[in-house]
Participant: 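Sharing a structure with you now.
Residue indices begin at 1 and follow the sequence shown. Both counts, for ligands and for their atoms, begin at 1 and track the order of listing.
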Amino acid sequence: MTDPALSEPLTAARARLSAALQAAGRPVDDARLLAVSKTKPTSMIREAWQLGQREFGESYVQEALDKQAELADLNDIVWHFIGPLQSNKSRIVAERFAWIHSVDRERLARRLDAQRPTSLPPLNICLQVNISDEASKSGITLSELPALADAVHALPNLRLRGLMAIPAPSIDPVEQRRPFIRLREALESLRTRLPEAPLDTLSMGMSGDMEAAVMEGATLVRLGTAIFGARQRP
Ligand SMILES: *Cc1c(COP(=O)(O)O)cnc(C)c1O
């Protein structure tokens, strides 16, 4: 059974994304919605799946593994890991996820490459960039980016798809765009540096700043609150 309480916000989130793409003069299928389901029950993920959502983002390893086990029958879900990743948990993440958005060091990338089962397609990787310094301690600086990108691109079981950032929150739309501009420009220079890499992804924009991110080229917006409602813990 589909809960109408989820149908409404998911439909509204899709409409927001389409409107943002249109306002940016981009094709309506130019960006995808990643449903960030951390802290939310599997019943909600199942409902979103019934409404056609396939890509889900989780931030906590054990919570994600428990949910994947409960939802094993939904075998076309594409799981994205978007939280900070400790090296001692890299193996299970390399085995159970299709994407990781939070790669921020070469040692972690090498472990993920070695641990990715060769029976699976390469693991899709976004490098997390700390784009507005004060925001969080996660992510590499722009000056560290070229070296890490070169290293990840060289690893056979990883596919370097793009960049992710979580800018400092702002309610000013002009202010919101600044870090997204920097991330877009960083991806553009990486494309020049690594013309062979499949760099098609800008993972940026959340419930509060999705429009600004889409204006600057986001291809994957990560929406939690807008779809599933407010969370108890961050
Ligand atoms: C929680 C989280 C989101 C979703 O944030 P909302 O503001 O609830 O849309 C997006 N990205 C990351 C990395 C997150 O941890």
Participant: Under a 4.0 angstrom heavy-atom cut-off, which atoms of ligand 1 come close to G224?
Facilitator: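 So the atoms of ligand 1 that pass are 4 (C), 6 (P), 8 (O), 9 (O).
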
Participant: List ligand 1 atoms under 4.0 Å from I166, heavy atoms only on the residue side.
Facilitator: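 So the answer, numbered in order with elements, is 13 (C).
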
Participant: Show me which atoms of ligand 1 lie under 4.0 Å from any heavy atom of R222.
Facilitator: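 With R222 as reference, the close atoms of ligand 1 come out as 4 (C), 9 (O), 10 (C), 11 (N), 12 (C), 13 (C).
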
Participant: Does ligand 1 have a heavy atom under 4.0 Å from the side chain of S59, from its backbone, from both, or from neither?
Facilitator: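 Side chain only; the backbone of S59 stays clear of ligand 1.
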
Participant: Mind checking whether I82 contacts ligand 1 via backbone (N, CA, C, O), side chain (CB onward), both or neither, at a 4.0 Å heavy-atom cut-off?
Facilitator: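 Both the backbone and the side chain of I82 come within reach of ligand 1.
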
Participant: Out of K38, H101, M164, who gets a non-hydrogen atom closest to atom 2 (C) of ligand 1?
Facilitator: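 Looking at heavy atoms only, the winner is K38.
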
Participant: Under a 4.0 Å threshold between the charged nitrogen and the carboxylate oxygen, would E58 count as salt-bridged to K38?
Facilitator: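 So K38 does not pair with E58 through a salt bridge.
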
Participant: Treating Ile, Leu, Val, Met, Phe, Trp and Tyr as nodes and any side-chain heavy-atom pair under 4.5 angstrom as an edge, say whether I166 and M215 lie in one connected cluster.
Facilitator: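 They do not share one cluster, since no chain of ILVMFWY contacts under 4.5 Å joins I166 to M215.
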
Participant: Do R177 and D172 meet the salt-bridge criterion of a basic N to acidic O distance under 4.0 Å?
Facilitator: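 Answer for the salt bridge query: no.
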
Participant: Verify the cluster assignment for L220 and L21: are they in a single hydrophobic cluster under the rule of side-chain heavy atoms below 4.5 Å apart?
Facilitator: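 L220 and L21: separate clusters.
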
Participant: Of all the atoms in ligand 1, which lie at a distance below 4.0 Å from a heavy atom belonging to L223?
Facilitator: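 Close to L223: 9 (O).
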
Participant: Per the side chain to side chain donor-acceptor pair (under 3.5 Å) rule, what does the pair list look like for residues 9-23, sequence neighbours excluded?
Facilitator: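 Residue pairs passing side chain to side chain donor-acceptor pair (under 3.5 Å), neighbours aside: R16-E211.
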
Participant: Less than 3.5 Å apart, which donor and acceptor atoms pair up between the side chains of residues 146-153 and the rest of the protein, not counting sequence neighbours?
Facilitator:
residue : atom : partner : partner atom : Å
D150    : OD1  : R193    : NE           : 2.9
D150    : OD2  : R193    : NE           : 3.3
D150    : OD2  : R193    : NH2          : 2.7

Participant: With heavy-atom distances below 4.0 Å as the criterion, list the atoms of ligand 1 near T225.
Facilitator: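 Those of ligand 1 that fall under 4.0 Å from T225 are 6 (P), 7 (O), 8 (O), 9 (O).
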
